[in-house]
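Heads up: the structure comes next, in structure tokens.
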2 protein chains.
Amino acid sequence: MPAHPLDTLSIEETHRARDLVASLHPDTVLSFREIYLEEPSKEELIQFLTAEHAGKNAAHPHRTALVQYDVIGSDRIPQYHESVIDLDEEKRISHVVLDESQHAGLTLSEFDTLVDVCKASQMFKDICAEIELPEGFEVIVEPWPYGGPFPDEENRRYFQGLCFARDTRSGNADSNFYAYPLPFIPVMDAHKREIIRVDRLATGGKGDSLDAKTHSKKIIDHCKASEYVPELLKNGPRKNLKPLNVLQPEGPSFSVDGSLIEWQNWRFRVGFNPREGAVIHDVHFAGRSVIYRLSISEMTVPYADPRGPFPRKQAFDFGDGGAGNCANNLSLGCDCLGVIKYFDAVTIGPDGAAKVAPNVVCLHEQDNGIGWKHTNWRTGRAVVTRNRELVVQFIITLANYEYIFAYKFDQAGGITVETRATGIVSVVNIDPGKTSAYGNVVSPGALAQNHQHVFCIRIDPAVDGYKNTVLTEESHRAPVNKETNPYGNFYEVRQAVLERSQHLDAAPQHNRIIKIVNKSRTNPISGKPVGYKFSPAPTQLLLADPESIQSKRALFAQHHVWVTKHLDGEFYAGGRYTLQSRNEIGGVADAIKRNEKIDDEDVVVWNVFGLTHNPRVEDWPVMPVEIHQLQIKPTDFFTENPAIDVPSTKNEASLLTNGATNGTTNGTSCCK
Amino acid sequence: MPAHPLDTLSIEETHRARDLVASLHPDTVLSFREIYLEEPSKEELIQFLTAEHAGKNAAHPHRTALVQYDVIGSDRIPQYHESVIDLDEEKRISHVVLDESQHAGLTLSEFDTLVDVCKASQMFKDICAEIELPEGFEVIVEPWPYGGPFPDEENRRYFQGLCFARDTRSGNADSNFYAYPLPFIPVMDAHKREIIRVDRLATGGKGDSLDAKTHSKKIIDHCKASEYVPELLKNGPRKNLKPLNVLQPEGPSFSVDGSLIEWQNWRFRVGFNPREGAVIHDVHFAGRSVIYRLSISEMTVPYADPRGPFPRKQAFDFGDGGAGNCANNLSLGCDCLGVIKYFDAVTIGPDGAAKVAPNVVCLHEQDNGIGWKHTNWRTGRAVVTRNRELVVQFIITLANYEYIFAYKFDQAGGITVETRATGIVSVVNIDPGKTSAYGNVVSPGALAQNHQHVFCIRIDPAVDGYKNTVLTEESHRAPVNKETNPYGNFYEVRQAVLERSQHLDAAPQHNRIIKIVNKSRTNPISGKPVGYKFSPAPTQLLLADPESIQSKRALFAQHHVWVTKHLDGEFYAGGRYTLQSRNEIGGVADAIKRNEKIDDEDVVVWNVFGLTHNPRVEDWPVMPVEIHQLQIKPTDFFTENPAIDVPSTKNEASLLTNGATNGTTNGTSCCK
């Protein structure tokens, strides 16, 4: 059986691609960054998928691999290359050498290098010697991308290290060092592998100047332990939470065959790549296509502290290091409950050796309350169904922060893209007793800086076909009018087709929704074109001054919706190369400049939403999840509620309790 | 043991109140509407609760009952009275007779009367005879409140009936009559018990006039069956959904003692009354007070069809008939999963005889995904907790529609008030082949009219005490400034205290949040006042013209937030008497006119949100739930994440599957 065109590369294919690239660079030292599936062109893939869904044989597009690697020159300065390898023909079909104005995404081995280089750096040792840590504390360097360089900086390849002190006295490697922030940031030239500078951080509060380095030598004496691993909690974990188990005695309702998932009329494929993590492909419901490709495209996290080097504190959590690269190895019974199917990924090391990254994606069903209900009050007959969901989940760790991403499919034809922000907020040292306009003191001496998270979801729709039209639909107040609105209760529903690629914003005051319709397919009941819709959340957009570097490198974060014409490979809202960018290049802002006709065309819709996070004390030491959901729902796509035939049978495993003794009694007669 | 002051009235207390009222109206015919607990004054109750929480004995406030009843005059015209009875002293302490400008809420027996009166009405029979129903169809009258009378109408007590035809041929009493709307609405004078008019409905579409009564006699011949009860589904319920069971082998983690509920540091009481349904009282977390009273205050559902009588189609689903009166009898394994505790209510008939309404509120725990997670990438150690929630749920049926309300408590100190709209959308007949600007054709011949649902949640806070201050907090872009914002990344967090009672709106572009703080309690970590917050959702407000009756009777629905000074008994955002109102009287708009000082006072915060519902075909025949959540979260109330000690133990009941065969295999080695 040949691989499906959307299957991720196998270990064997990965090695084949690496070997071919190596053979093209004889007598050269190569350092590999990523090797993963280069997805077929949309034209080719549509041909294949159309035949596949019709049950016909179709030529498989050639398997192609994207190989990202550095060619190490004789001066030891690497040059970044990208080659696309046709694995069927065993030849290179594209080769790009990046010029120095843009940077390849980072790899975790570069982070390791920063830690090593700091350890070896006399400059870093000297600055560490300026402070006095209590007995038993050691310095920890937390590698970060460098953000956007300041205007007066050379565009070399940099990394920065946020520094903390770790209390080693418990002997527990997971004691929380974030509680002890240190006021300096070493900066490494990655090519030279040397610390070129150590930025000293201000530690002042309200009323102090931007560079008030007012701290004493005993820099963390006012800080306090903030543990979260259960064995270090002062009183240990609570004892009064009783188990809640999800059991599926007949197994799950889904089936999985390679990358293909089928469940409750849904049929789609799950892919995975180092940049985007899990990607959903070729989504069909009851044999009708809905979405061609659904992915999380980008996220930027700008920090709002104006002092010292912090304006450069701005991560692009997908573009800088790759969300897929940072995906957690998920655990049964921890990251989800019930019957779980895990998917693995293939990753590589600098030598291009591939290995399996286990359990990076999990698949499970969950109950989300009532799905629909109606009681006939005449007869007393209630019909109630549960809202069962299928969840494709992956979780990424980026230094201190965690994000939990889930694609949730429901029985009513809806798809929800859910983000949960958790992990540890980023803190810097603040002098005892001070407060700050730049954040909140969440632990003594630890100032959690205000910041935003701005996400972008990329929806490549295929609503009953690949040519779709995007329109806004709004509800507007209508004045009293003797002929048309005599009592003033009427409101007008207005639609406007988007003719050209463009951006637009949420407008909740008009109940603005974005509809993606297929003009050539009419719903036989309503007479309207079949469609899917979403309501863009009017969350706050990027706050940084439009002339700031933070703003210029994240143009995508400045509008809620972007609509573009599909272009192969145009996956990244903030551009392909975000690491250390000064401007967004090749992102959505460039895409709409093509000013293309998008009415009844192959459109792509990008939804931007965010979270302005001014931390609370309750976000410390690990923050409770902040949840956002983008709900994509059918609108006159079906001829009735597609969940109308979900069984309304009573769940016999549920039990009654009187609550008084925490005892349970079996209830059998309660359901009518 | 005396009843707790917040316990609902027992059957015995109810009867005692009724008998006392009867004795005060000798030789008179009384018809009782409601008898329920008149809650103690806040001053009295705070005294009691303060002592109770301090473990001291305190005088119980007297038990008092609110008795709502009609005194039937010799002309058989009822006059509406409200008496408050002191049950301890067995005497009446207040007596109000409503003048004719306002109306008592309806009772379900008035709905029954409408059906009986229609059956007996020659006028109604005559109009039914004008149409030809297919063999086996019968006419159904669906009683509705009358809405706001038109300016030229006398303010008598009316009810209207929406009419449908039911296919009796299946012999199933639950065949869905809403699929067959009939174009007339009988109007009853409730006092005279007679049909005074039958409004004929337009059935035209786009281009037709507002009163285009263009239908043929064969009024439902173009309509089609739209069944939802499983035994009437053409293919029956689907077979491929496997059971998902929630098991709590050690029982629930909550305990219940009368109205008192304790769970995971939370302690509160659940009340229930015919108007508001479940009400949450005296909410404490770890011994500190958070909320004095939390309730769903009102909801209005105005319809936007400008034709004929439809401007009067506007329900107040709490004020008109009482949400508690319409509460479903919940079913084990249907309305929630796991181990369930049910609460009963006491209701009365027109003779004042009390009986138990069983299972009107359910209490259960549920899992809501991950609560918090952090992985130390150096050690690979992941600590992940589940997000366990405690849910207090009740469900109401209002003719065709259902609402599911839940108060959800979480382990991180948050409370979510969740509304789910489901049930059957309201439809009217439309001629074959036509479409309409007033709604969507969701089934042949059935036009689902555009409408809104605007809800109001009433929060009577007690953040570490009963005197609180409300402020807005916003995040604002700050321009580049050499001294204060050299790189333009800073944004300013602005707070503004609300000095006087007022309304205000959501402002997501500024990330406006509403904070309720206690100025006299400072968080020892952050130095800020302890508080709770919510982010008002910027959902669309009431669209009807401000001069319309729909608007004037629902002033509350025109702003997202109202802040008032507490006044005993001021529970109802849209006023105490909404049935057939022409203006909002005694609602939040009147309350803010008192222009009271609310800084560091006993404040009440009202949050309004809504759903503009332009129906989809997928909403038919029963709509999938539309979910809204108001999240009330601590902000510097605690000194750390209160869920930090939630155990991160692996759930051993979860299983691995390979997905290929739907088979499960036991997984034991997957968790690190």
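Chain A is the first sequence line, chain B the second, and so forth, proteins listed ahead of strands; every chain is numbered from 1.
Only the backbone of Thr484(B) has a heavy atom closer than 4.5 Å to any heavy atom of chain A. Neither the backbone nor the side chain of Asn235(B) comes within contact range of chain A; no heavy atoms are under 4.5 Å apart. Of the two parts of Leu541(B), neither the backbone nor the side chain holds a non-hydrogen atom closer than 4.5 Å to a non-hydrogen atom of chain A. For Asn523(A), the part lying under 4.5 angstrom from a heavy atom of chain B is the side chain only. For Val383(B), the part lying under 4.5 angstrom from a heavy atom of chain A is the side chain only. Contact of Asp174(B) with chain A is made through backbone and side chain together, with heavy-atom distances under 4.5 Å. Residue contact with chain A, scored on non-hydrogen atoms closer than 4.5 Å, is absent for Ile261(B). For chain A, the nearby part of Arg378(B) is the side chain; its heavy atoms alone come within less than 4.5 Å. Using a 4.5 Å cut-off between heavy atoms, Thr397(B) touches chain A through its side chain atoms alone. Residue Glu492(B) does not touch chain A at all, counting heavy-atom pairs closer than 4.5 Å. If you measure heavy-atom distances from Ala478(B) to chain A, the contacts under 4.5 Å come from the backbone alone. For Asn450(A), the parts sitting under 4.5 Å from any heavy atom of chain B are the backbone and the side chain alike. Proximity to chain B is limited to the side chain of Ile395(A), based on heavy atoms less than 4.5 angstrom apart. In this structure, the portion of Glu483(A) lying under 4.5 Å from any heavy atom of chain B is its backbone and not its side chain. With a 4.5 angstrom heavy-atom cutoff, Val246(A) touches chain B via backbone and side-chain atoms both. Looking at Lys313(A), there are no atoms closer than 4.5 Å to chain B (heavy atoms on both sides), in backbone or side chain. Contact annotation for Ile644(A): both backbone and side-chain heavy atoms come within less than 4.5 Å of a heavy atom of chain B. Heavy-atom distances place the side chain of Ile404(B), and not its backbone, under 4.5 Å from chain A. Both the backbone and the side chain of Phe637(B) come within contact range of chain A, judged by heavy atoms closer than 4.5 Å. For chain A, the nearby part of Val442(B) is the backbone; its heavy atoms alone come within less than 4.5 Å. Looking at Pro302(B), there are no atoms closer than 4.5 Å to chain A (heavy atoms on both sides), in backbone or side chain.
Remark: side-chain polar atoms of Asn489(A) are paired, donor with acceptor, to backbone N or O of Tyr303(B) under 3.5 angstrom. Here the side chain of Arg477(B) pairs a donor or acceptor atom with the backbone of Leu543(A) at under 3.5 angstrom. Under the 3.5 Å distance criterion, the side-chain polar atoms of Ser253(A) are matched with a main-chain donor or acceptor of Lys242(B). Without hydrogens or angle criteria, Asn511(B) side chain to Gln540(A) main chain gives no donor-acceptor distance under 3.5 Å. Under a 3.5 Å cut-off, the side chain of Glu618(A) and the backbone N or O of Asn641(B) do not form any donor-acceptor pair.
Expressed to the nearest 0.5 Å, how far NE2 of His374(B) lies from CG of Asn400(A) amounts to 7.0 Å. In this structure, Ser526(A) OG and Asn440(B) CG are separated by 5.0 Å, a value rounded to the nearest 0.5 Å. Taking SG of Cys334(A) as the start and NZ of Lys373(B) as the end, the distance is 8.0 Å to the nearest 0.5 Å. In this structure, CG on Asn651(A) lies 8.0 Å from CG on Leu244(B), to the nearest 0.5 angstrom. Atom OG1 of Thr435(A) is separated from atom CD1 of Ile525(B) by 13.5 Å, given to the nearest 0.5 angstrom. Taken to the nearest 0.5 Å, the OG1 atom of Thr375(B) stands 4.5 Å off from the CD atom of Glu402(A).
Per-residue heavy-atom pair counts under 4.5 Å with chain A were compared for Asp636(B), Thr639(B), Val384(B), and the maximum is reached by Asp636(B). Per-residue counts of heavy-atom pairs under 4.5 Å with chain B were compared for Thr539(A), Asp305(A), Asp335(A); the largest is that of Asp335(A). In terms of heavy-atom pairs under 4.5 Å with chain A, the best-connected choice from Ala437(B), Pro306(B), Gly236(B) is Pro306(B). Of the listed residues (Ala304(A), Pro237(A), Pro479(A), Pro508(A)), the greatest number of heavy-atom pairs within a distance under 4.5 Å of chain B belongs to Ala304(A). In terms of non-hydrogen atom pairs under 4.5 Å with chain A, the most contact-rich of Asn245(B), Val441(B), Thr422(B), Leu210(B) is Asn245(B). Of the listed residues (Ala653(B), Ser548(B), Gly338(B), Ala412(B)), the one with the most heavy-atom contacts under 4.5 Å to chain A is Gly338(B). Ranked by non-hydrogen atom pairs under 4.5 Å with chain A, the options Ala643(B), Pro621(B), Gly527(B) are led by Pro621(B). With chain A as the partner, the residue from Glu365(B), Arg388(B), Gln452(B) showing the most heavy-atom pairs under 4.5 Å is Arg388(B). Interface remark: of the candidates Glu547(A), Gln509(A), Arg420(A), Arg312(A), Arg420(A) forms the most heavy-atom pairs closer than 4.5 Å to chain B.
For the pair Pro243(B) and Glu250(A), the minimum side-chain heavy-atom distance is below 4.5 Å. Side-chain contact between Ser226(B) and Glu640(A) is absent, with no heavy-atom pair separated by less than 4.5 Å.
The minimum heavy-atom distance linking Arg381(B) with Pro230(A) is given by the pair NH2-CD, 3.5 Å. The nearest pair of heavy atoms linking Pro538(A) to Pro538(B) is CG-CG, 3.4 Å. Taking each heavy atom of Lys633(B) and Val625(A) in turn, the nearest pair found is NZ-O, 4.3 Å. Closest approach of Ser654(B) to Leu332(A), counting heavy atoms only: O-CD2, 3.6 Å.
Look at Arg238(A) and Asp645(B) and you find a salt bridge, because one of the NZ, NE, NH1 or NH2 atoms lies within 4.0 Å of a carboxylate O, short of that distance.
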Audit row: Ile340(A), Leu655(B), side chain to side chain contact (heavy atoms under 4.5 Å, CB included) steps and yes/no:
CA-CA 6 Å; Ile340(A) 318 296; Leu655(B) 293 176; over 6 Å; no

Verify side chain to side chain contact (heavy atoms under 4.5 Å, CB included) between Asn658(B) and Tyr342(A), making sure each step is shown before the conclusion.
CA-CA 8 Å; Asn658(B) 58 19; Tyr342(A) 290 103; over 6 Å; no

For side chain to side chain contact (heavy atoms under 4.5 Å, CB included), just list the numbers for Trp377(A) and Asn328(B), CA-CA rounded to whole Å, side-chain angles, deciding distance to a tenth of an Å, and then say yes or no.
CA-CA 9 Å; Trp377(A) 61 267; Asn328(B) 290 197; over 6 Å; no

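Just one residue in the list Asn614(A), Thr612(A), Asp545(A) forms a side-chain hydrogen bond (donor to acceptor under 3.5 Å, both in side chains) with Tyr491(B), and that residue is Asn614(A).
A donor-acceptor contact under 3.5 angstrom links the side chains of Gln264(A) and Asn240(B), judged on distance only.
Taking the six-membered ring where tryptophan is involved, the planes of Tyr487(A) and Phe150(B) are essentially parallel, since the angle between them stays under 30° and well short of 60°.
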